[in-house]
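Structure record follows, encoded as C-alpha cells.
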Amino acid sequence: MVLLQIIQPLLLMNITLPNKWLLLSTFFFTSFLFINAQELKSSEKQFALSATIGNGLMYNIQNQKPVLDNIFYSPTIRLLLELNHHLNIGVETGYLTISKQDSSIVSTPYGETTFKARLNAIPLLLVLNMKVSKIDLYYGLGMSYLTTHLEAFDEKVKVGNWYYCYNIAIAYKYPIAKNIGIGIEAKSYFFPKLQTVTSGLSINLTYQFLHW
Amino acid sequence: MKFKLFGIIAVLFLLTSCYTEFQGLEIPLNGTLGLLEGTTPLTDSMTVKIQGIYTLSSPLFGSNVVIKSNGNNLSVFAKKNESYIVLRSGYKDSTIIMEGYWRYASNSETGLISMIISPENGAKEILRGIRPNNIVIHASYGVEKEFPSNQFDVSYSKPIVKSTDKFWIIAHRGGGRNTDMLPASENSLGIIKYAEKYGANAIEIDVRLTKDSVPVLFHDEIISKRLINEDYFIGSISDYSFKQLRSFCTLTDGEKIPTLEEALQTVVDSTNLKLVWLDTKALGMTKQLFSLQKKYQDLAAQKGKKLEILIGIPDGGIFNEISNTPNPQNYPTICELDENYFAQSKSLVWAPRWSLGLIDDRVTSIHNSGYRCFVWTIDAAELVKVFIKKGNFDGIVTNYPTVVAYEYYTSE
C-alpha cells in the first residue's frame with residue numbers, strides 16, 4: 001500500500017511518459033539500494049574494481065522504409081566497483097551502431113539519388129549490478145550521444161544530440177583464473193525520446209584488477 | 001528473499017515494458033457498412049435541417065447529443081464519455097440513411113453505427129428542404145467491427161446555439177495530437193481534412209523551416225519517432241533539406257511531411273474551415289508567411305470562401321521580426337504575448353494561455369478595442385464548459401474539438 005501511495009502521484013504527474021519511466025525505475029532501484037544497504041551491515045566488507053569489455057551483435061527493430069541494416073557489432077566497456085555483496089555500482093560506455101545504410105541508389109520524386117544513412121550512439125551510463133545466485137543483473141541509467149549521418153541529393157548532414165538512455169542486461173560469468181572471467185550477456189538499450197530499442201548478445205571478458 | 005525476488009521481477013517487467021506512443025486509430029471497416037450504396041448524397045441545405053440537440057437513451061452516448069451539419073455530412077457530439085460520431089449520409093426512396101463510426105475522444109474504443117430517418121419520422125420534409133416539427137432517428141451501434149445491432153432512438157429536442165459562426169473551435173495541430181489516437185498524424189494533410197468532422201471551424205498548425213527555407217508543418221523542435229517513422233532523422237527540421245525530408249522521412253501515419261503551401265491548398269480545396277492559425281516555430285520565414293497568407297486568402301476569396309489566415313506571434317523574436325517588416329499591419333496576426341505587445345503588434349486576435357483564467361476584464365478591454373480573444377489549449381470537458389459558459393472568449397484552441405463543439409452548441 002505504501003508503495004502504491006508513492007507510485008500513484010508519479011503516474012498522475014503532468015510529465016512526459018519517458019520521464020515517468022525514469023522516475024519509476026529510479027524509485028525501484030532506490031528501493032533496492034535500501035534493501036541491500038541493510039544486508040551489507042552483516043557482511044564482511046571486501047571491495048574490488050573490475051573492468052569488463054564485451055562485444056557482440058546488437059539488433060534494432062525498425063518500421064521505417066527503406067529498412068536499414070540493423071545488426072551490428074557493438075563494443076562496450078564497464079567499470080564496476082564490487083562490494084562483495086548483492087549490489088555493485090559502476091559506469092558503462094560503448095559504441096553502438098543502431099542502423100546503417102551504405103551507399104545505394106534510391107528513386108525519389110525528385111529523381112534518383114545516392115542515399116547513405118547511419119545512426120550511432122555512445123551511451124554514458126551509471127550502472128547498478130545485482131548478483132542473484134550466479135546471474136548478474138545490470139541496470140544502467142544516463143545519457144547517450146546520438147549522431148546521425150545522412151547523405152542524399154549531394155548533401156551531407158551530420159547531427160548529434162544528447163538523449164536519455166537506459167539499459168538492462170542479464171549476464172553469466174565463468175571464472176578462468178583467479179581474477180579473470182569470461183561470460184555471456186544479453187542486453188537492451190532504450191532511447192525513450194527516440195522510441196528506439198536495440199538489443200543483443202555479447203561475449204564479455206572481465207578482469208578484477210584491484211581489490212582491498 | 002521473496003520481497004527481493006518480487007522486486008527483481010517488478011523492475012525487469014517495468015524496464016522491459018514497451019514504450020509505445022499510440023500512432024493512430026484504425027477506423028473499423030473505414031466506417032463503411034455498405035448502407036449508402038445506391039443512395040443520393042444529401043445536400044448541405046438538407047443536413048442543416050437535421051442539425052439540432054437531440055434526446056436519447058444510450059449507454060454509450062448518454063441522454064442528449066448535438067447533431068451538427070458538416071457540409072453534406074453530419075457529426076454527432078455527446079457529453080457522456082466525450083463520445084462522438086462521424087457520419088456519411090445519403091437518401092433513397094424518401095429515407096435518409098447515415099453510416100459511420102463512433103468513438104471516445106480520450107480513448108481508443110470505437111465501433112460502427114447506422115442512423116436512419118424514415119419518411120414518416122421527418123425524412124420527407126428534410127428532403128424537401130423543410131425543417132420538420134419532429135425528427136426521430138433509429139440508430140444502431142456495434143463495438144469494433146461487429147455489425148451495429150444495439151438499437152436506440154434519437155429524438156429532436158431543440159435547435160443548437162444560433163450564432164454558429166461567431167465562435168471559433170480551433171483544432172490544435174490541425175485536428176489533435178498523435179497521442180489523441182486520431183486516424184491521421186498531427187500537422188498532416190489527412191488530419192486537416194478531418195478537422196471539421198470533429199466539430200472544428202478553424203485549425204492551428206505549426207510551421208518550421210527546412211535547411212533550404214521551405215516552410216513545412218512540424219511541431220517538435222527535436223525530430224523523434226513521436227512524429228516520424230525513421231530513427232535516423234534526429235536533430236531539428238532545419239538540419240535537413242526539403243528534398244531529404246520529403247524523400248526519406250514519413251509521418252507516423254505514412255504521410256510525407258507537408259509544406260505549408262500544401263496545407264493551405266488543402267484547406268481551400270477540401271474544407272470549409274474559416275480560420276487558420278499559423279503557429280510560427282522558427283525565425284526567418286515572415287516574408288514567406290506573408291506571401292502565402294495573401295495568396296491563399298485571395299484564392300479562397302476567388303472560390304467564394306471566407307478564409308482568415310493569421311500568423312502567430314508566440315515570442316519576442318517573432319514579434320521583432322514582424323515589427324521590422326514594412327507595413328506589418330497589412331498582414332493579419334495573432335499575438336500570444338501580453339496586451340502591450342498585442343497593441344504594438346496591431347494583431348487582430350489576442351491569444352492568452354488558459355492558465356491565466358477567465359480574465360474577464362482584460363478580455364472585455366480587448367473586445368472594446370474591436371479585437372478578438374482566443375484562449376489555448378483547453379481539453380478537459382469541465383474546463384471547456386467553464387470557459388464557454390462563464391468566459392468571454394471568442395474561440396478555444398483544443399485537442400478535443402468534439403468536446404468544445406458539444407459544450408458550445410448546447411450553451412444557450
Side-chain angles (χ1 to χ4, degrees), chain A residues 3 16-18 21 24-25 28-29 31-32 35-36 39 60 62-66 68 70 86 98-101 106-111 113 115 117-119 130 132 137 139 146-153 155 157-161 163 166-168 170 188 190-197, chain B residues 1-24 177-179 210-212 214 220-254 256 355 379-380:
Chain A
L3 280 176
T16 59
L17 191 58
W21 285 112
L24 278 169
S25 51
F28 272 109
F29 272 90
S31 306
F32 278 132
I35 295 160
N36 285 279
E39 292 193 7
N60 169 244
Q62 299 178 4
N63 61 350
Q64 60 204 14
K65 287 179 185 174
L68 272 57
N70 53 2
H86 287 293
I98 297 172
S99 56
K100 183 180 171 186
Q101 171 74 61
V106 178
S107 182
T108 76
Y110 310 99
T113 181
F115 173 70
R118 190 172 81 235
L119 179 67
M130 178 176 281
V132 179
L137 299 174
Y139 169 72
L146 273 90
T147 48
T148 195
H149 298 74
L150 188 133
E151 189 178 331
F153 300 105
E155 197 172 349
V157 178
K158 183 185 175 186
V159 183
N161 234 325
Y163 291 92
Y166 62 94
N167 76 356
I168 56 167
I170 183 163
S188 289
F190 299 82
F191 305 93
K193 177 75 179 173
L194 298 180
Q195 296 188 31
T196 290
V197 181
Chain B
M1 189 61 195
K2 276 183 183 173
F3 179 69
K4 199 181 293 176
L5 196 63
F6 166 77
I8 291 166
I9 292 166
V11 169
L12 286 175
F13 177 75
L14 174 73
L15 295 178
T16 54
S17 297
C18 291
Y19 168 63
T20 54
E21 188 140 354
F22 194 89
Q23 304 291 11
R177 303 157 299 184
N178 276 9
T179 45
T210 63
K211 192 177 187 177
D212 46 351
V214 178
D220 292 1
E221 187 177 357
I222 299 292
I223 304 174
S224 74
K225 287 170 87 175
R226 190 187 84 76
L227 294 179
I228 64 162
N229 292 318
E230 294 74 17
D231 62 10
Y232 50 89
F233 277 96
I234 62 172
S236 64
I237 285 288
S238 60
D239 290 321
Y240 302 93
S241 71
F242 175 67
K243 281 183 181 176
Q244 288 174 334
L245 288 166
R246 279 294 274 243
S247 300
F248 301 107
C249 188
T250 52
L251 298 173
T252 49
D253 67 349
K256 300 287 185 186
S355 53
D379 294 339

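What's counted below: heavy atoms across the whole structure, side chains too, no hydrogens, waters or symmetry copies. None of these values were measured; they are calculated from a predicted model.
- For the atom pair A:Y110 OH and B:F242 CZ, the distance stands at 4.0 Å (nearest 0.5 Å).
- Atom CG of B:D231 and atom CZ of A:F191 lie 10.0 Å apart (nearest 0.5 Å).
- In this structure, A:R118 has no side-chain hydrogen bond (donor to acceptor under 3.5 Å, both in side chains) partners at least two apart in sequence or on a different chain.
- Residue A:N161 comes nearest to B:G235 through the heavy atom pair ND2-CA, 4.0 Å, listed as atom of the first residue, atom of the second, then distance.
- Residue contact with chain B, scored on non-hydrogen atoms closer than 4.5 Å, is absent for A:S107.
- The CD atom of B:E230 sits 11.0 Å away from the OG1 atom of A:T148 when rounded to the nearest 0.5 Å.
- In this structure, chain B has a heavy atom under 4.5 Å from the side chain of A:A117, while its backbone stays farther away.
- Each of B:F233, B:Y240, B:Y232 was scored for a side-chain contact (heavy atoms from CB on, under 4.5 Å) with A:V159, with one residue passing: B:Y240.
- The CZ atom of A:F153 sits 3.5 Å away from the OG atom of B:S247 when rounded to the nearest 0.5 Å.
- Residues satisfying the side chain to side chain contact (heavy atoms under 4.5 Å, CB included) test with B:S241, not counting sequence neighbours, are A:E155, B:D212, B:K243, B:Q244.
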